[in-house]
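Have a look at the structure below, then the notes.
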Amino acid sequence: MFLAFDISLYTIAINETFFMTLLSSLVSYAIGIPLGVLLYCTAKDGLTPNAVIYNAFSLVVNIFRSIPFLILLILVLPLTKAIVGSTIGAKAVIPPLVISASPYIARMVESSLKEVDLGVIEAAKSMGATNMQIIRKVLLSESKPSLLIGAAISITTILGYSAMAGAVGGGGLGDVAIRYGYYRYNQDVMLVTVVLLVLIVQLLQEIFMGIARKSDKRL
Amino acid sequence: MAIIKIRNLKKVFKSQTDSILALQDINISINEGEIFGIIGLSGAGKSTLVRMINYLEKPTEGEVYFEDKDLSVLKDAELRNVRRKIGMIFQSFNLLEQRSVMKNVLFPLEISGVDNKKAMERVKELLKLVDLENKANAYPSQLSGGQKQRVAIARALATNPKVLLCDEATSALDPKTTAQILDLLKRINRELGVTIVIITHQMNVIESVCDRVAILDQSRVVEMGSVKEVFKAPKSDIGKRLIFGAAENREEEFRKETNKTCLRLAFDGTATNEPTIANMVLETGHPVSILYANTRLINGNSFGQIVIELPDDKMVQLKMKEFLDKRQLTYWEVE
């Protein structure tokens, strides 16, 4: 009973959750954006259609997306050990989170880019733009609002996944919920963590949607 | 001198199951400084044709020359340079929605690496040309269709192109705005000497700005010549349909309605101001019925078409034709 109101228990957990979520989002986007662009460009109506490359990457992306996160977490333990030197703690959750989120983000990016009007791309070509210029100055900038909405969805999904890290002693709010709430039958701790998670998701969602709305010049 | 030459062009679109012939036997030379129109119904291949002029679409066979350079042998970088000399505007404007008007016009200068200060000066010049200086910081979504097209024109002219391709550029605009855009294109042609190629399905667009026209039908050029000639006496069926317009003005419709001899008179603005038909009736003493008339006065000259039904008497018919011959009017019998 007393434990449920021990603030320090949650502040550390919140910090860990933010750390896991933001760092893995950052790394996942660093991988997901180029991968999404590659998928877009090599697709049938893309800038440089290439069925072989598209199908190969598409298959890899789909395979990783179909593995449940909890299973992936365990599957990549050796890799996690090799990268961060440990298989427990908040840091150890980042490699599986990145492996799981990057393909997901790649698909989100691909679908955002597909929203860009092909006519605008054609206009850029008619002005003598290179493919690189089209990617940077047309595709990515024109789809910015859509990419930001995608980010809101991706980051909150990563946050949700990070809560599962508790299963391997990964730290964060999920860890608290499992250790105190589930293993020790402390309903109050469970309730508080759930409320905190809901609030954080709301906050992140609102921030990103706000930026997306503000950046969109289409009214 | 021909700035664009299209030789024996053919385009086939292949899908996995079948192939569609979009264009064949296309031979067109577009002269420097003229406004050249390409007209046809939708599906005639106009848009494909215009996209081969700047190689957005590659021909299946045949060549496209820009300033005597065969585009098919150019490397990518050379082709991009050619494209900077050929501006293009579109039916749906294709502006960058997330960029302001100013940044849209800046775009082609930005990608061709023009120094920022010089580029901004050029942008100001262009916005003045299209009369949108006060909209520099607006976004496309805040503009009307006509304003959007003017931004697109400014953008297309940023790199000082020699040719401006217009793909159904006025098709999404109302008649008044269409007239304004056409006036602007005319001015650009006259004042800047930019050769303009206009793709449209609207006859009035060709009529009001083009010097020469090619009529496209079922993947071929079926008729080509000066707008004056083609309008006066279109030879192809599709030309007649496009120029004479509505169904009630088609020759076969007149044939159905009456088995009498009918004449179609074409006014090309050279006829005098006299009331031709009335005088002809007075002089011959025989009335005629007017089956169709669509003429308008442009700068005091009449342009258009009148279809009249002649009396049965062959002598009267001859007299009437003589009357018309004397006035050097163009006419022919509706067959």
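Keep in mind it's a predicted model, so treat the numbers as computed, not measured. Proteins come first, then strands; the chains are lettered A, B, ... in the order of their sequence lines, and each starts at number 1.
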Worksheet item: When you look at A:Lys217 and B:Arg99, which way does the side chain to side chain contact (heavy atoms under 4.5 Å, CB included) test go after all the steps?
Response: CA-CA 8 Å; A:Lys217 308 300 183 192; B:Arg99 280 181 168 233; over 6 Å; no
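B:Leu95 touches chain A through its backbone: at least one of N, CA, C or O sits under 4.5 Å from a heavy atom, while the side chain does not. Contacts of A:Ser215 with chain B are made by backbone atoms alone, with heavy-atom separations under 4.5 Å and no side-chain atom involved.
In terms of heavy-atom proximity, A:Lys125 sits nearest to B:Leu56 at CB-CD2, 3.6 Å. The nearest pair of heavy atoms linking B:Ile111 to A:Gly128 is CD1-C, 4.2 Å.
Residues A:Lys137 and B:Glu110 have side chains in contact (heavy-atom distance under 4.5 Å, counting atoms from C-beta outward).
The backbone N or O of A:Gly119 lies less than 3.5 Å from a partner atom in the side chain of B:Asn94, making a donor-acceptor pair. Judged by distance alone, the side chain of B:Glu97 and the main-chain N or O of A:Arg218 form no donor-acceptor pair under 3.5 Å.
Between B:Arg51 and A:Glu122, at least one side-chain nitrogen of the basic residue sits less than 4.0 Å from a carboxylate oxygen of the acidic one, meeting the salt-bridge criterion.
When the shell of 6.0 Å around CD1 of A:Ile88 is examined, it contains 12 or fewer heavy atoms from other residues, nucleotides or ligands. For A:Phe57, the CZ atom is loosely surrounded, since the number of other residues' heavy atoms within 6.0 Å does not exceed 12. Within a 6.0 Å radius of CG in B:Asp76, no more than 12 heavy atoms belonging to other residues, nucleotides or ligands are found. Around OH of A:Tyr54, the count of heavy atoms belonging to other residues, nucleotides or ligands within 6.0 Å exceeds 12. Within 6.0 Å of NZ on B:Lys10 lie no more than 12 heavy atoms contributed by other residues, nucleotides or ligands.
Taken to the nearest 0.5 Å, the CZ atom of B:Arg80 stands 7.5 Å off from the CD atom of A:Gln133. One finds the OG atom of A:Ser141 at 8.5 Å from the CD atom of B:Gln98 (value rounded to the nearest 0.5 Å). Remark: A:Ser126 OG to B:Ile89 CD1 distance equals 10.5 Å, nearest 0.5 Å.
Among A:Thr130, A:Ile121, A:Asp117, the residue making the largest number of heavy-atom pairs under 4.5 Å with chain B is A:Thr130.
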